[in-house]
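All figures in this text were calculated on a predicted structure; none of them were measured in a lab.
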Amino acid sequence: MSNPHQNAITQLETVAAVLRQSYEDKESFDAAIDQLKTPDRVIEGKLRIRMDDGKVKTFQAYRSQHNNAVGPYKGGIRFHQNVTKEEVMALSTWMTWKCSVTGIPYGGGKGGVIVDPKKLSQGELQRLSRAYALFVAPHIGPWTDIPAPDVNTDGQIMAWMVDEYETAAKKRYKTLVENPIATFTGKPLLLGGSKGRTEATGLGGFYVFENLAKKMKLKKGATIAVQGFGNVGYWFAYFANKAGYKVVALSDSRGGIYSAAGLDPEKVLAHKEAGGTVGSYKGKQITNAELLELDVDVLVPAALENVLTKENAGKVKAQLVLEMANGPTTPEADEILAKKGITVIPDVLANAGGVTVSYFEWVQNLQGYYWEKELVLERLKGLMDEATDRMWQLKNDTKVTSRVATYMSAVKKVVDTMLLRGNEE
Ligand code: GLU
């Protein structure tokens with residue numbers, strides 16, 4: 001299995017080799033790149049919670065703070081059985097680039113707990129979420145580090161965390177807890193959330209896709225396969241279907257479905273919410289592995305990392321891969337896809353819509369003044385379009401891949417900010 005942190009380092013090294021030529025002070029440039037290969041710090045600890053059967057269980061937890069040259073660390077918290085320290089480190093590195101790509105004033109962070117939340121009751125999930133908030137409380141705040149949802153976490157979990165941070169953390173650490181509402185994003189509307197945040201990642205990805213569809217002259221009925229039916233995959237599929245594209249395949253962690261006539265994501269969701277799985281919806285059953293190799297125009301990995309590898313990249317038939325998951329393509333697969341002439345839009349651009357609306361949420365929380373949904377979406381579209389246009393221009397000017405073009409401007413901005421701050425004692 002590919003180590004995601006090693007992948008993140010390889011990606012950075014590839015781009016650094018290109019960027020280096022334009023820096024006069026190579027020593028400072030190299031020092032900054034070296035610093036960016038590992039997070040500033042990784043906080044780790046054990047969360048002990050009482051289970052419903054009365055026994056106490058321990059869960060391993062992390063918060064990785066990668067870089068804060070541009071602004072406070074920012075990024076979600078993932079609850080998943082396959083979380084590792086290396087994964088959280090990689091995800092926090094990608095957050096630094098992601099925030100840089102759309103130009104929002106944050107650095108990168110990420111949290112994770114090794115747990116299968118599907119095996120927890122609501123009460124256990126609440127106690128685990130509270131324990132996590134207490135664990136990170138001394139290290140977060142609106143100007144320090146701002147967590148948000150990620151895989152298997154949502155607005156309800158953020159609400160429990162805000163509450164714990166505000167009440168218990170104040171007692172335990174006897175410190176002033178700064179603006180709890182502005183310390184977390186992705187909150188429910190009732191607790192200071194932003195209109196449009198729920199669908200923001202999927203919609204942001206759709207804005208990127210529509211912009212590219214014009215540039216690549218994709219036709220309206222183009223076929224799309226989406227892997228993953230969580231918040232990101234669902235909303236992307238929803239907007240693509242509404243706009244007249246043909247979503248022919250969908251899947252969740254248990255399997256998928258194919259229909260040449262196209263699927264209506266809303267109906268598949270209703271089926272899932274009624275107790276079904278995506279794979280048991282009407283149509284031809286397919287596996288997650290088969291979905292990636294379908295003869296479609298557009299492939300959208302929207303689940304987890306390392307699904308496109310050197311083993312299957314050669315079999316991808318799509319002409320466009322839009323990475324809505326974080327880190328779905330290994331560096332070896334990336335090379336194979338590039339050789340095949342497939343355009344791969346990297347995660348740090350494709351799925352930056354979520355953190356962009358998180359930024360809008362934070363701004364609204366700090367101002368105590370809330371925006372209408374139209375304004376949120378208009379500003380989201382503006383930033384996603386600008387970032388996509390910037391990437392496309394650089395890609396055409398320099399003849400590099402979309403990933404390298406995206407990383408070039410993202411890494412350059414962070415490095416330049418670090419150099420501007422200086423590193424002399
Ligand atoms: N977890 C999301 C991501 O990977 C959102 C992060 C945020 O809103 O801070 O981009």
Side-chain angles (χ1 to χ4, degrees), residues 4 74-80 82-83 87 91 94-95 98-99 101-102 110-112 117 147-158 185-186 193-194 196-210 212 224-243 245 247 249-254 256 263 265-266 268-269 272-273 278 288 291-292 298-308 320-329 344-359 361 376-377 380-381 383-384 387-388:
K74 181 86 191 83
I77 302 160
R78 171 175 298 204
F79 285 178
H80 197 276
N82 296 341
V83 161
E87 182 195 49
L91 290 163
W94 292 326
M95 284 310 300
K98 199 182 295 188
C99 295
V101 163
T102 52
K110 196 70 146 212
D150 195 74
V151 172
N152 290 333
T153 53
D154 58 11
Q156 171 62 80
I157 289 177
M158 294 306 113
T185 60
S194 174
R197 176 63 185 87
T198 307
E199 63 270 43
T201 312
L203 180 57
F206 177 69
Y207 288 149
V208 172
F209 170 70
E210 271 223 302
L212 285 164
I224 308 182
V226 182
Q227 181 186 63
F229 205 59
N231 177 269
V232 178
Y234 171 71
W235 283 109
F236 179 85
Y238 170 91
F239 289 110
N241 175 59
K242 278 266 178 298
Y245 294 96
V247 180
L250 290 169
S251 72
D252 62 14
S253 59
R254 283 167 290 188
L263 295 154
E266 273 183 286
V268 179
L269 183 66
K272 198 173 165 164
E273 280 174 347
V278 173
N288 267 298
L291 182 142
L292 299 170
V298 186
L299 176 62
V300 184
L304 294 169
E305 53 268 31
N306 289 338
V307 294
L308 292 170
L320 173 66
V321 175
L322 190 75
E323 294 187 337
M324 292 304 291
N326 289 311
T329 312
V344 182
I345 304 304
D347 46 8
V348 295
L349 168 61
N351 71 28
V355 73
T356 299
V357 177
S358 273
Y359 163 56
E361 179 176 337
V376 173
L377 301 188
L380 171 65
K381 186 169 186 328
L383 289 185
M384 298 309 290
T388 310

Please tell me if the side chains of [X] and [Y] come closer than 4.5 Å, counting only heavy atoms from C-beta onward.
X	Y	value
Y238	E199	no
E323	V344	yes
N241	L263	no
L308	L299	yes
E210	M384	no
E87	H80	no
L322	F236	yes
D150	M95	no

[X]: what forms a salt bridge (charged side-chain N to carboxylate O under 4.0 Å, His left out) with it, not counting sequence neighbours?
X	answer
K98	none
D347	none
R197	none

Result block: side-chain N/O donor-acceptor pairs under 3.5 angstrom for residues 228-235, not counting sequence neighbours:
from : atom 1 : to   : atom 2 : distance (Å)
N231 : ND2    : T198 : O      : 3.0

What heavy-atom pair brings [X] and [Y] nearest, and what distance separates the two atoms?
X	Y	result
V247	A240	CG2-CB, 4.3 Å
T185	P149	O-CD, 3.2 Å
P328	P301	CB-CB, 3.8 Å
V307	L304	CG1-O, 3.8 Å
S358	K74	CB-CE, 3.7 Å
L212	I345	CD1-CG1, 3.3 Å

Checking the side chain of [X] only, and the main-chain atoms of [Y] only, is there a donor and an acceptor separated by less than 3.5 Å?
X	Y	answer
N288	L291	no
T153	I77	yes
N152	F79	yes

*Applying ring pair (Phe, Tyr, Trp, His ring centres under 6.0 Å), name anything that partners Y245, two or more places apart in sequence or on another chain.*
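Applying ring pair (Phe, Tyr, Trp, His ring centres under 6.0 Å) to Y245 gives F209.
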
Between [atom1] of [X] and [atom2] of [Y], what distance do you get to the nearest 0.5 Å?
X	Y	atom1	atom2	value
T356	Y207	OG1	OH	12.0 Å
K110	L91	NZ	CG	5.0 Å
L250	I224	CG	CD1	10.0 Å

*side-chain hydrogen bond (donor to acceptor under 3.5 Å, both in side chains) partners for S194, two or more places apart*: Q364

